[in-house]
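The structure under discussion appears below in the form of structure tokens.
Residue indices begin at 1 and follow the sequence shown.
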Amino acid sequence: MNTLKKGLYYFQAVLISLICIFGISVFFHNSGFLSTLLARSLHLKIAPSFTGGETAGDFFDDAHDDNGSGILCYPSNSQFKEGSLDLLRYTVHKPVFGAQWQEHPEYWQLDLEYRSGPSDVRNILMYIDCDGDGNGSTGTLTEGAENCCFEKAHPWDFAVRISENEGKVYNADRQFICRTETSVTKDGKQIIVRIPLQNKQLQKIYTAQTTWHYVLTGGFSKWDRGGFLPVDKRRSGSRGSTTEPSQYNLLLPKIYDILDDSSDKNKNQRAQLSSWNKDELTKAVLHPVEVSMKTTFAKENPDTVIAEIKKQYAAEQNAQAAQSKRAYEQKRLQYEGTGGTQKTPEEKLKLAVLAFNCSETDAAEALLSDIVKQQPENAEALAYYGSCVAIRGGKSSVVQAVKLVNDAFVYLNKAAELAEGTPHEITILMNRASVCASVPDTVFGKALTGAEDFTRCAFLYKKTIDAEHPAQKEKLFLAYLYASAYDCYKTAGKETEAVLSLKEAEKTWN
């Protein structure tokens with residue numbers, strides 16, 4: 001380990017010397033290469049037993065579905081941040097044997113990731129059928145706690161409850177078996193649960209060929225049945241509710257999000273949590289997701305889908321650029337014929353946007369510079385001007401490029417702030433997102449901002465169209481926004497968000 005530390009120290013010293021001798025331009029141009037070279041030269045590998053074991057199954061749940069069957073609302077207590085009960089990802093690992101330097105040498109790891117924190121507002125139950133033998137329980141760990149039951153084909157053998165950042169494991173007879181080793185990230189989004197496998201009851205997991213998982217998330221209350229926060233007609237600081245009092249029913253499940261099989265519409269979250277029957281007094285029946293424990297989960301390669309979406313969007317943009325070129329030339333002649341100095345800022349902006357859209361960015365920048373001086377609060381002008389400055393940076397020396405790109409973001413950030421909630425917000429955010437996606441993240445660290453801007457644009461754009469039946473051009477633009485968000489999230493190292501964006505792109509495009 002000391003040799004590794006010395007090697008890293010030596011590499012850092014050499015890198016600093018290179019920057020001092022050759023200037024920032026060398027580092028700016030080669031930062032991606034240097035980081036890749038470092039990773040390859042050190043040949044760093046981490047044993048699977050340190051990171052939870054090989055992945056057996058990886059599930060991505062829809063974002064913004066933390067409303068149960070579609071009608072639940074969070075309690076009014078400010079502790080319940082938006083997305084704190086919204087499960088995004090559930091990862092099942094293979095059991096680990098003989099792990100060195102771990103608290104438990106034999107364990108089974110399950111990972112959960114939520115849209116936001118904090119973590120202590122959640123009551124999480126994972127019900128697991130480990131053998132598919134039809135034996136186990138179809139009721140909940142605490143009778144009546146969640147207001148649901150489980151399908152008869154897959155009764156659960158073990159229940160894992162996570163609340164107040166602590167985990168406990170129970171058998172189908174509701175008897176406590178052991179505590180889990182549970183860790184939560186600082187932002188409260190990710191939870192890693194390691195189930196020790198020393199107990200004889202749990203050792204059947206070693207030989208499991210397939211496991212079935214029910215994953216339920218509710219609000220936490222230490223004073224209520226099973227730790228599940230109640231749902232009433234009207235919400236309060238300590239109670240959730242329905243969107244309308246008339247929707248309330250005593251049979252409503254007290255669950256805000258479940259892990260569902262999105263490939264089967266009859267088993268999606270809304271269908272499952274709405275499956276109770278008031279007349280027959282039957283509770284909602286939940287269905288599990290299936291995990292093969294003997295095969296290693298293979299990640300899909302999304303490059304083909306992303307490339308095709310971007311290719312078609314580029315073709316559409318090229319066709320529009322030709323139209324913009326004709327419109328720009330016609331408008332420019334009119335502008336010059338009447339003496340440009342007499343034109344209003346609004347007329348100048350229209351001409352500048354036409355120039356920008358047909359890649360006449362020098363002409364656009366000159367016009368926009370005048371507008372920004374006259375109207376420093378004009379969000380649309382600021383956004384296009386920031387984009388022009390960034391494009392000029394791309395044509396400059398590396399040192400000058402750093403300055404110009406930083407200057408560009410001053411204009412772009414101000415524009416985004418001014419545009420929030422206005423009709424121009426999509427246009428402004430598209431400018432900033434495009435620049436964020438174009439500049440090297442190792443230098444400017446803007447990939448995450450770009451991803452969030454593209455995602456926000458998709459959200460806003462859906463409001464302007466019939467999202468259930470979009471036209472072909474609308475589908476293409478939406479797919480492009482999600483594909484671009486995928487690229488940015490991937491660059492920023494946000495794997496879960498990247499995959500969710502990919503799934504949205506595929507769903508929109510298909």
Side-chain angles (χ1 to χ4, degrees), residues 61-88 112-127 139-150 159-168 170 174 182 184 187-189 191 214-260 268-286:
D61 193 64
D62 289 340
H64 304 282
D65 64 344
D66 45 335
N67 52 15
S69 58
I71 60 174
L72 294 193
C73 298
Y74 280 22
S76 59
N77 190 311
S78 60
Q79 286 184 311
F80 286 85
K81 305 295 184 186
E82 181 185 352
S84 56
L85 305 179
D86 191 2
L87 178 67
L88 297 182
L112 303 100
E113 184 171 347
Y114 287 81
R115 184 155 55 93
S116 74
S119 60
D120 53 7
V121 300
R122 302 183 196 114
N123 195 34
I124 305 169
L125 261 296
M126 293 174 282
Y127 294 95
T140 55
L141 180 63
T142 303
E143 183 64 33
E146 296 102 303
N147 249 8
C148 69
C149 58
F150 308 102
V160 183
R161 181 184 172 194
I162 309 295
S163 57
E164 297 184 290
N165 297 332
E166 293 186 352
K168 295 179 180 179
Y170 300 84
R174 280 76 173 171
T182 305
V184 182
D187 59 11
K189 291 182 179 181
I191 303 173
Y214 305 89
V215 184
L216 288 57
T217 303
F220 173 68
S221 168
K222 66 169 61 179
W223 312 114
D224 291 288
R225 185 184 294 272
F228 277 90
L229 200 74
V231 174
D232 289 342
K233 289 184 179 181
R234 292 173 177 83
R235 72 175 183 161
S236 64
S238 60
R239 295 288 189 272
S241 71
T242 54
T243 50
E244 298 290 340
S246 60
Q247 297 170 322
Y248 176 76
N249 189 286
L250 287 171
L251 289 172
L252 280 177
K254 291 175 278 189
I255 302 166
Y256 284 82
D257 202 1
I258 65 171
L259 182 68
D260 63 1
N268 64 25
Q269 175 175 306
R270 182 166 295 193
Q272 291 186 54
L273 293 177
S274 302
S275 59
W276 48 271
N277 189 305
K278 184 171 64 174
D279 297 328
E280 298 178 7
L281 295 178
T282 55
K283 296 179 180 178
V285 179
L286 304 190

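- Between the side chains of Tyr256 and Asp65, no donor N or O sits under 3.5 Å from an acceptor N or O.
- Judged by distance alone, the side chain of Thr140 and the main-chain N or O of Glu146 form no donor-acceptor pair under 3.5 Å.
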Mind running side-chain contact (heavy atoms from CB on, under 4.5 Å) on Phe220 and Val121 for me, showing each step along the way? CA-CA 5 Å; Phe220 173 68; Val121 300; 5.8 Å; no
CA sep, side-chain torsions, deciding dist, call: Val285, Gln272, side-chain contact (heavy atoms from CB on, under 4.5 Å): CA-CA 6 Å; Val285 179; Gln272 291 186 54; over 6 Å; no
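- Side chain to side chain, Thr282 and Asn277 fail the donor-acceptor criterion of an N or O pair below 3.5 Å.
- A donor-acceptor pair under 3.5 Å is formed between the side chain of Gln269 and the backbone N or O of Gly68.
- Using a 4.0 Å cut-off between a side-chain N of Lys or Arg and a carboxylate O of Asp or Glu, Glu82 and Arg115 qualify as a salt bridge.
- Of the possible polar contacts, one joining the Asn147 side chain to the Leu252 backbone as a donor-acceptor pair under 3.5 Å is found.
- Using a distance-only test at 3.5 Å, with no hydrogens or angles considered, no donor-acceptor pair links the side chain of Asn123 to the main chain of Gly218.
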Go through it in stages, so that I can follow the logic: the residues are Leu72 and Gln247, the test is side-chain contact (heavy atoms from CB on, under 4.5 Å), and I'd like the CA-CA distance, side-chain angles, deciding distance and then a yes or no. CA-CA 9 Å; Leu72 294 193; Gln247 297 170 322; over 6 Å; no
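- Using a distance-only test at 3.5 Å, with no hydrogens or angles considered, a donor-acceptor pair links the side chain of Ser84 to the main chain of Lys81.
- Judged by distance alone, the side chain of Ser76 and the main-chain N or O of Gly237 form a donor-acceptor pair under 3.5 Å.
- Minimum interatomic distance between Ile162 and Thr182 (heavy atoms only, all atoms of both residues): CD1-OG1, 4.2 Å.
- Partners of Arg225 according to the side chain to side chain contact (heavy atoms under 4.5 Å, CB included) rule, which considers only residues two or more places apart in sequence or in another chain, are Thr142, Ala145.
- With rounding to the nearest 0.5 angstrom, the CG atom of Leu112 is 11.0 Å from the CG atom of Asp61.
- Under the 6.0 Å distance and 45° angle rule, Arg235 does not count as a cation-pi partner of Tyr74.
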Residue pair Cys149, Leu286: steps toward the side-chain contact (heavy atoms from CB on, under 4.5 Å) verdict: CA-CA 6 Å; Cys149 58; Leu286 304 190; over 6 Å; no
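- Aromatic ring pairs are classed by plane angle as parallel below 30°, tilted from 30° to 60° and perpendicular above 60°; the pair Phe150 and Tyr214 is tilted.
- Judged by distance alone, with hydrogens and angles left aside, the side-chain atoms of Arg234 form no donor-acceptor pair with the main-chain N or O of Glu244 at under 3.5 Å.
- Of the possible polar contacts, none joining the Arg122 side chain to the Leu85 backbone as a donor-acceptor pair under 3.5 Å is found.
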